[in-house]
Number of protein chains: 2
Amino acid sequence: MDLDERKLKILQAIIRNYLETGEPVGSRTISKYTDLNLSSATIRNEMADLEELGYILQPHTSAGRIPSDKGYRLYVDTMMQDKERQVDEKMDMLLEKEDKIDNLLKQVAKVLATNTNYATMISAPQVHRNKIKFIQLSKVDDLHILAVIVIEGNMIRNSILNVPEAIDDETMLKLNMLLNTNLNGMAVEEINLGIISALKQQAGIHSDLIGNIIDAFGESIQPDNDLEIYTSGTNNFLKYPELADHEKASELLNTFEEKENLSELVQESLAGESETGIQVYIGNETPIQSMKDCSVVTATYDLGDGMKGTVGIIGPKRMDYDKVVGTLKTIMHQLDDLYKK
Amino acid sequence: MDLDERKLKILQAIIRNYLETGEPVGSRTISKYTDLNLSSATIRNEMADLEELGYILQPHTSAGRIPSDKGYRLYVDTMMQDKERQVDEKMDMLLEKEDKIDNLLKQVAKVLATNTNYATMISAPQVHRNKIKFIQLSKVDDLHILAVIVIEGNMIRNSILNVPEAIDDETMLKLNMLLNTNLNGMAVEEINLGIISALKQQAGIHSDLIGNIIDAFGESIQPDNDLEIYTSGTNNFLKYPELADHEKASELLNTFEEKENLSELVQESLAGESETGIQVYIGNETPIQSMKDCSVVTATYDLGDGMKGTVGIIGPKRMDYDKVVGTLKTIMHQLDDLYKK
DNA sequence: TGTTAGCACTCAATCAATTGGAGTGCTAAC
DNA sequence: GTTAGCACTCCAATTGATTGAGTGCTAACA
């Protein structure tokens, strides 16, 4: 048995209808809803076939049909309409240029959440492959020195280092020179043991300090330490009955609070990047356990200078995929417009 | 009519019972629950009095009684037992020393949430009255300079400034000297127009740049900009039926997401500080609209160097006040132990 | 052979009626 | 002042009947 034209049309109608109403869809509805001019009985036959093929399922006998994960997948892959243009008009400029990238990201998360009525997350750019632009050590007081690193894209990391004894200004200057001449222009992850030991050697009696500093760099830049994730619209979960019961909602809220879990999603999404940069995970396809009953749409943003990160929209499986994808694309374009130049 | 010894005992019993069970308390229960050896009928008479006085109320005729806000207030003010010692034993060391204060605060929020099963929030210390310890301007590239300020308590602020044209190293050095000699040791808020214009004058042709820098300080240090708030355990709201319905839970989640609202609570709590540092807001007493059906317990922490902030625990009105207050006190002591030295 | 009308059947959802029980207020007796 | 007892109230849970949307199947039709 195969999916002929008509079955596709019916499946599409079922899904469209279900996305709108959230209620199982019956044969009579489809019979009227489509322009196929078929009786409900015929539809019923076709629906029985579609069910056998696994595209739709019945919550219980004598109920209408709802799409299965397989059904959604087919829809997303082949039937979605590009709503981008329509969306575009409505929200032609929602983002404001922000100096601090964190604030921009928070803004994106919020705008997306209010526009889609789903929960959103956005990861701060991964620093992988990002070049060190500038390093500065300064003496704060006798026992503390401040290390500041500026990375390409003007992201700033800093940490306070404890030193066992005071360091005089001259040494300080030398260390600064040493670090800058050796490390500028390097990607953070390129700093390997060889380079470190070379640096230590050059530092002479201060090799311990160099060690400390490098360690501090490593720590402040390690992916999991660094992977800041902002979320918004978590209360939207409560709007969808299929997610709103205590058990599920609680788990979801927890996932959004313990952001470590979300980072899995970020990794996954960055790894499996598609041409458009947009990916859809339906139900069990998501890498995160607590989202089994959700669908997740992710996009990769790129602010230039290798500052890439992931945006995600998390909602019920019956989310408005067309709108979500459209909105994401729009926002991505706006980000491009704001930052690419 | 007055609150004699017996009425107090009965009221206390009602509240205790209700805190445990969450169900309206009947006269028979109290009759057995207390060591007063009174029949249910007598209790009923007393309860009628207590209701008339406004300490308890009936959800409907022929139901038991629940405490009113006034009742809770009396309980909190005069009947609470100090559970600190008991709590202390159970959680003798939950906090680990953290270098970065943000991480410590997040940790506190999380520990409190998991220990109490309520939602928690904690504000980063206000920088008011905090002295500037160290200022450093560095040239990142021709058009950008990096300004870093270290404040007493090793809190770091930084921002990237745009400059119209390149500045040579010598000028840079001078500017650094100028800023450090003039501003070190000052509280941020002490920097007034007089000082600024004096600085500008000394800077000569670079007075514009000084202006920029000062502005940037101001911005990065402004209370509302600075008032970072961390939250945890928001999913706990769903555990309490009286807060778990969509409407209320959604509002609460929203309040916790839009952290601006929470800052009201921080202000209020810092303002009305009590001797113990702990304050209890019951129902309508809270400054935040969406928490009308909640109680809020706040404490002020002090990490030394004027680094004060507010911790808050938000739960249903029938929260376990004794435990919450005890836990808060314990954590405050631990913070003291870790940081006061 | 595909389509349709018709019919019996299923099952969740809804509503009304019933019941049980927890709790009250009041009165009369101790 | 306290208590036993009783009538009363009202919620909550149970039951049963009803409804209606939807199905599968069969037989007739084009």
Side-chain angles (χ1 to χ4, degrees), chain A residues 1-11 13-18 20-68 71 241-242 245, chain B residues 1-11 13-18 20-68 71 241-242 245:
Chain A
M1 187 160 35
D2 218 17
L3 275 183
D4 54 28
E5 184 78 12
R6 196 170 74 177
K7 282 197 174 57
L8 279 175
K9 267 200 170 173
I10 292 174
L11 178 57
I14 293 173
I15 296 180
R16 286 261 160 73
N17 204 285
Y18 185 68
E20 267 178 38
T21 65
E23 308 254 293
V25 188
S27 53
R28 239 182 82 84
T29 315
I30 297 300
S31 160
K32 282 187 283 182
Y33 194 75
T34 60
D35 53 356
L36 290 168
N37 280 326
L38 293 173
S39 76
S40 61
T42 312
I43 304 288
R44 276 202 290 284
N45 289 329
E46 295 289 49
M47 277 162 84
D49 290 353
L50 283 170
E51 182 164 8
E52 206 178 326
L53 289 166
Y55 292 102
I56 53 179
L57 35 87
Q58 255 180 318
H60 52 83
T61 29
S62 92
R65 307 302 214 287
I66 63 175
S68 68
E242 61 264 52
D245 74 290
Chain B
M1 186 161 39
D2 220 15
L3 276 183
D4 54 28
E5 184 76 15
R6 197 170 73 178
K7 281 198 174 56
L8 278 175
K9 266 199 170 172
I10 293 173
L11 178 57
I14 293 174
I15 295 180
R16 285 262 160 74
N17 204 286
Y18 184 68
E20 268 178 38
T21 65
E23 308 256 294
V25 187
S27 54
R28 241 181 80 84
T29 314
I30 297 300
S31 160
K32 281 187 282 181
Y33 194 74
T34 60
D35 53 356
L36 290 169
N37 280 329
L38 292 174
S39 76
S40 62
T42 313
I43 303 289
R44 275 204 288 285
N45 289 329
E46 295 289 48
M47 278 164 85
D49 290 354
L50 282 170
E51 183 166 8
E52 205 177 328
L53 288 165
Y55 291 103
I56 54 179
L57 36 86
Q58 256 179 320
H60 52 82
T61 30
S62 93
R65 306 303 215 285
I66 63 175
S68 68
E242 61 264 53
D245 74 290

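Excluded from the calculations below are hydrogen atoms, water molecules and symmetry mates; all remaining heavy atoms, backbone and side chain alike, are included.
Using N1 to N3 plus N6-O4 or O6-N4 for Watson-Crick, or N1-O2 and O6-N3 for G-U wobble, each under 3.5 Å, dT27(C) pairs with dA4(D).
Proximity of R6(B) to the phosphate of dT2(D): a side-chain N or O atom is located under 4.0 Å from OP1 or OP2. OP1 or OP2 of dT23(D) sits under 4.0 Å from a side-chain N or O of S27(A). The side chain of R65(B) places an N or O atom within less than 4.0 Å of a non-bridging phosphate oxygen (OP1 or OP2) of dT24(C).
A straight line from CD1 of I30(A) to P of dG22(D) spans 10 Å, rounded to a whole angstrom. As rounded to whole Å, 14 Å separates atom C1' of dT24(C) from atom CD1 of I43(B). Summarising the geometry, the separation between CG on L57(B) and C1' on dT24(C) is reported as 15 Å, rounded to the nearest angstrom. Atom P of nucleotide dG23(C) and atom CD of E51(B) are separated by 15 Å, given to the nearest angstrom. The distance from atom CG of D4(A) to atom P of dG2(C) is 11 Å, rounded to the nearest whole Å. To the nearest angstrom, P of dG2(C) lies 17 Å from CG of L36(A). Going from atom CD1 of I10(A) over to atom P of dT3(C) covers 10 Å, rounded to whole Å. Distance, E46(A) CD to dG24(D) P: 12 Å, rounded to whole Å.
Side-chain atoms of R28(A) stay outside donor-acceptor range of the base of dG20(D), with no qualifying N/O pair under 3.5 Å. Side-chain N/O atoms of S62(B) and base N/O atoms of dT24(C) include no donor-acceptor pair closer than 3.5 Å.
Going from atom CD1 of I14(A) over to atom OH of Y55(A) covers 12.5 Å, rounded to the nearest 0.5 Å. Put simply, NE2 on H60(B) and CD on Q58(B) are 8.0 Å apart, with the number rounded to the nearest 0.5 Å. Separating the NZ atom in K7(B) from the CG atom in D4(B) is a distance of 4.5 Å, to the nearest 0.5 Å.
Between the S27(A) side chain and the I43(A) main chain, no donor and acceptor come within less than 3.5 Å of each other.
Out of dT23(D), dT3(C), dC11(C), the shortest distance to the side chain of T42(A) is found at dT3(C). Here the nucleotide nearest the side chain of M47(A), chosen from dA12(C), dT23(D), dT3(D), is dT23(D).
Nearer to the 5' terminus of DNA chain D, by closest-nucleotide assignment, is the contact made by A41(B) (compared with the other of A41(B) and A41(A)). Between T29(A) and N45(A), the one whose closest nucleotide on DNA chain D sits nearer the 5' end is T29(A).
Closest approach of L38(A) to S31(A), counting heavy atoms only: O-OG, 2.8 Å.
Using a 4.0 Å heavy-atom criterion, one finds that T61(B) contacts the sugar-phosphate atoms exclusively.
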